[in-house]
Amino acid sequence: MIRFLLKGLFRDRQRSLLPVIVVVTGVLLTVLMQTMMTGILGDLIDFNAKFSTGHVKVVTKAYAERMDQTPNDLALSKVAQLKEKLQTEFPSMEWVPRIRFGGLIDAPDSIGETRSQGPAIGWGIDFLSAGSKEAERMNIPKSMVSGHLPKKAGEVLLSNQFAEKLKVVPGDQITLFGSTMNGGMTVYNFKVAGTVIFGSGVLDRGAFIADISDVGQALDMPDAASEILGYFKNNRYDKIQAADAVKKFMSAMNTADPYAPVMISLRDQNNLGEMVDYEDLVSVMIISIFVMAMSLVLWNAGLLGGLRRYGEVGVRLAVGESKGHVYRSLIWESILIGSIGSVIGSVIGLLLSLWIGKNGINVSGFMKNASMMMPSVYRTVITSPAFYIGFIPGLFATVIGTALAGIGIYKRNTAQLFKELE
Amino acid sequence: MITFKLAFRNLVGAGLRTWLNVFVLSLSYVVIIYMNGMLDGWNVQAKSDMMNWDTGQGQLWQKNYDPSDPFTLQDSFDPIPADFNTMIGEGKIAPVLVTMASFYPEGRIQSILLKGIPENQKVIELPTASMTADSSSIPGLVGKRMAEANKIKKGDVITIRWRDRNGTFDAADVLITAIFETNVPTVDGGQIWIPLSRLQKMMQLPGEATLFIRGKSDWPSFGKDQWIVKDLKSLTADIDQVIKAKSVSTSILYLILLLLAMLAIFDTQVLSIFRRQREIGTQIALGMTRGQVVRLFTLEGAMNGVLAALLAAVYGIPFLASQAKYGIPMPKASNSMGMAIAEKIFPVYSVGLVVVTICFVMLTALVVSYIPARRIAKMNPTEAIKGKIQ
Amino acid sequence: MAFLPSVLFGQNPSASRIIEQIDKNMASKNRIMTATMIVHGQRDDRTMEMKVWSEGDKKSFTEYLSPARDKGTKMLKLADQLWMFAPSADRIIQISGHMLRQSVMGSDLSYEDMMDDRKLTDVYNAVVIGPDNIDGRPCWVLELRAKTDDVAYFMRKMWIDQDRNIPLKEEWYAKAGKLLKQTTLSDVKKLNGRWFPTKMIYKDMLKTGGGTEFVINDIQFDVNIPESIFSKAALR
């Protein structure tokens, strides 16, 4: 029966093509909506995750208690070993150490004496290891105003406004003057590689980012880091998995030592817990509305399909096919159309999401400046619902639409059939 | 007018199919208005929170003052202009003195801002009147965020150290008399508010201030060399930027929704033109020009927009109105964006927003209806009248 | 016994005389010393060695000898200006403004504390408030109150060894009367014919932590220091 119907569908384009196109388009839009929604709604959480909290974060116990002060003297030690341990224990996550600190940036004159100075907030992130995603993660490449990303040791990015204040341009040397992890003094030279816009007043007035190994050297933090951030590989915060990771990590931890590492999930930082739940709720609401709307559309398409084939059904009834048989065949057909359409639509939708997730939709034309804190590129994020959500409107709504439209079959009067066909 | 009536009757006559389309389209209206209303409401709210807690109706800054650079503070004060005194006495202008200080949560030194403001000020909502204590300790206020970050409770006594204008170290205990809750991070994080008179005395800066916050009344005369006017627009410029970013992202969402509604209309149009060839042929045979028929069908499709607007009004107005009345609850947000997010946002729907949305959706419906209807113009009426598929 | 009447009648020696005596004992035209500084941090201790050349109160030049990380770092103070040279960066950095308030090498001393070079009697009115004793040694307690506005510490208390004319303990107070910092001096030795405390412990009283220990390993008074050492050229 299915083979017969399939043949019918393939041979009779009128019967299949438009309905399938409609289902495909609808399913595609649903999938796209879902991934886009997930991407956009999560942007505040995402932003926090990328800049400060990670999806989970590992710091020392003492650091965790005073996280707001970013107390570097309480930083993690034996980071390489810890990172390796994390990577083995939690292979589904990417682990990146970072150093956050403050210091004075000093620009020299021609004889190496102080020409201009300014206080700055600093980040040490992994620029230089092969395959590091840190620069992308912090949206640095798109926020560059001049110069290039640090490509070798000793290079640094300054916030653009700060560079202007210090009167330095890419290629110039600047000196970091600050405290080492254990309170000593440090003086360390960097070469300005480029300038960026952060998009936050405070940071734009004084911030810099350098490779973590440089910063580690400058701050006398060999094999140490302020924090190790963990990111799920799909770049999406998953509260259940994060909670599991924390539980697993903490159960094996010695909590008496104030310098023992502890793991904290995103939701337990910066009051983000409520935000996470809220965004889940909003996302479910919006997607439900959308799926409902889509279902109505495809239901309608099912109704239209019934109408389209009014004549055909008439003939079939006239030549003696039972009403039930016709009805069932229509339902089967709609199941086929719905399935084919949903599969194709989901595949195209996912591919498209994948592409947008990779390249992003650039809306910088609508905004004044691209900056790190306010990305002008929106990305889709594919989560598991993206794989099945399209089937709800695509398959079920199509079938329901057809089933409702098909009821009309039972109302048709055999005696009138030929009259209708005239 | 006949065309209009006819189109309407044809459309409504299609029953369920039409109403499904109309409902989906009506969702677009409601969602677009709702989302934009929410953003506008957020904008209004964030600005009014800023005004109520931080900026007042405008500020006057000592020329060296730069809130992003605390090291400018040691040179950022001047005597309060004489003409200000009456209004300050009445609480209509609040002079604020800002200085750096250290405090010692759990024995670790931390830099904070110490801000002095008159107890009787009426321009911002800080509960300054609750800064009362006996003369032995200094009464102070902190925001909830600051309190949570440093584990400060009401009634706690915290030691602060500062240096007066001459650089002499001084230290004293501040009694926290109130912890205030605000959405505005710029008056909360990393700062302690104390009475202006106390801070002036502590700093050896009698009669001086760093900035002024005004209420509704205008500035009295002041020295243009020492003071710079900061109007509301410049003080709240960051909010506009954030809202703009948000509005771009939400428009992507409702564009997809709109696309969906259009898919529905398109599909319906294609079918009705296919099914009603005889009707079309007859109409042309009876003397309607092809253009008129195209118009009729386009109008029929576009009428979806009108019906949708009516339907949207039926359920949308109560919904939108209740949201505007009771507010949309928002999560306790982190303020990494540095802007105020209230616990509830009350959406604001402007006439402009509603009109633009209606026009926008109608226009789209019109275009989507027209595209399939164009086929009519190519039809051969005699073939059409026979119902032959073309 | 000659001492007895003054105690009986509540008469203390004049504070200015005591300060004069301290100056006489401790001051010198110049000095060169090597010292060890131990910072007791929360997590671990850090030890640094340095050599200091100083002339009067206005000029001093410090070179760090260890640890390896800080070796060759030099600091020059001329009156109210401070420069630092870091060999690793080959840079001379002027430390000014708010930077002066930072701690030196993580210690309980700020650059500013090191910079305060005015004569006690120029800045403070001193009175003797009574006898006391520290570790069994009789002391006079001096209370110094600022007479000018621009001092970092409004009030100081000093415990002066009655026989040896050296301070054994010092307390720095905020204007409102809170104790901010405390110094204890010990291991008093006779060097070049004068008594000199060779160990000092500085403690910021508002912070937790073990304070900063400063031990003089070797000190020479009134030696020949070439004037060129107190110049920026000597930093490099």
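Since this is a predicted model, take the numbers as computed values, not measurements. Chain naming here is simple, since letters A, B, ... match the order of the sequence lines and numbering starts at 1 in each.
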Has B/Thr182 got a side-chain atom pairing as donor or acceptor with B/Val184's backbone, closer than 3.5 angstrom?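 Yes, B/Thr182 side chain to B/Val184 backbone: donor-acceptor pair under 3.5 Å.
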
Considering only heavy atoms, which portion of [X] lies under 4.5 Å from any heavy atom of chain A: side chain, backbone, both, or neither?
| X | answer |
| --- | --- |
| B/Pro67 | neither |
| B/Phe23 | side chain |
| B/Leu255 | neither |
| B/Leu259 | both |
| B/Met146 | neither |

With a 4.5 angstrom heavy-atom cut-off, could you sort out which part of [X] is near chain B: side chain, backbone, both or neither?
| X | result |
| --- | --- |
| A/Asp73 | side chain |
| A/Leu74 | side chain |
| A/Met292 | side chain |

Using 0.5 Å steps for rounding, measure from the [atom1] atom of [X] to the [atom2] atom of [Y].
| X | Y | atom1 | atom2 | result |
| --- | --- | --- | --- | --- |
| A/Thr30 | A/Leu32 | OG1 | CG | 9.5 Å |
| A/Leu29 | A/Met36 | CG | CE | 12.5 Å |
| B/Lys144 | B/Asn183 | NZ | CG | 10.5 Å |

Heavy-atom pair count under 4.5 Å with chain B, highest-scoring of A/Met67, A/Arg66, A/Glu65: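 Ranked by contacts with chain B, first place is A/Arg66.
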
For chain B, which candidate among A/Gly26, A/Pro71, A/Ser52 shows the most heavy-atom pairs at distances under 4.5 Å?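 The candidate making the most pairs under 4.5 Å is A/Pro71.
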
Considering non-hydrogen atoms only, spot the tightest contact between A/Gly118 and A/Phe162 and give its length.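 Closest approach of A/Gly118 to A/Phe162, heavy atoms only: O-CZ, 3.6 Å.
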
Specify the closest pair of heavy atoms between B/Val30 and B/Ala312, including all atoms of both residues, with the distance to one decimal.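 Closest heavy-atom pair between B/Val30 and B/Ala312: CG2-CB, 3.9 Å.
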
Looking at B/Tyr34, B/Tyr326, B/Tyr29, which one forms a ring pair (Phe, Tyr, Trp, His ring centres under 6.0 Å) with B/Phe319?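 One option only clears the test, and that one is B/Tyr34.
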
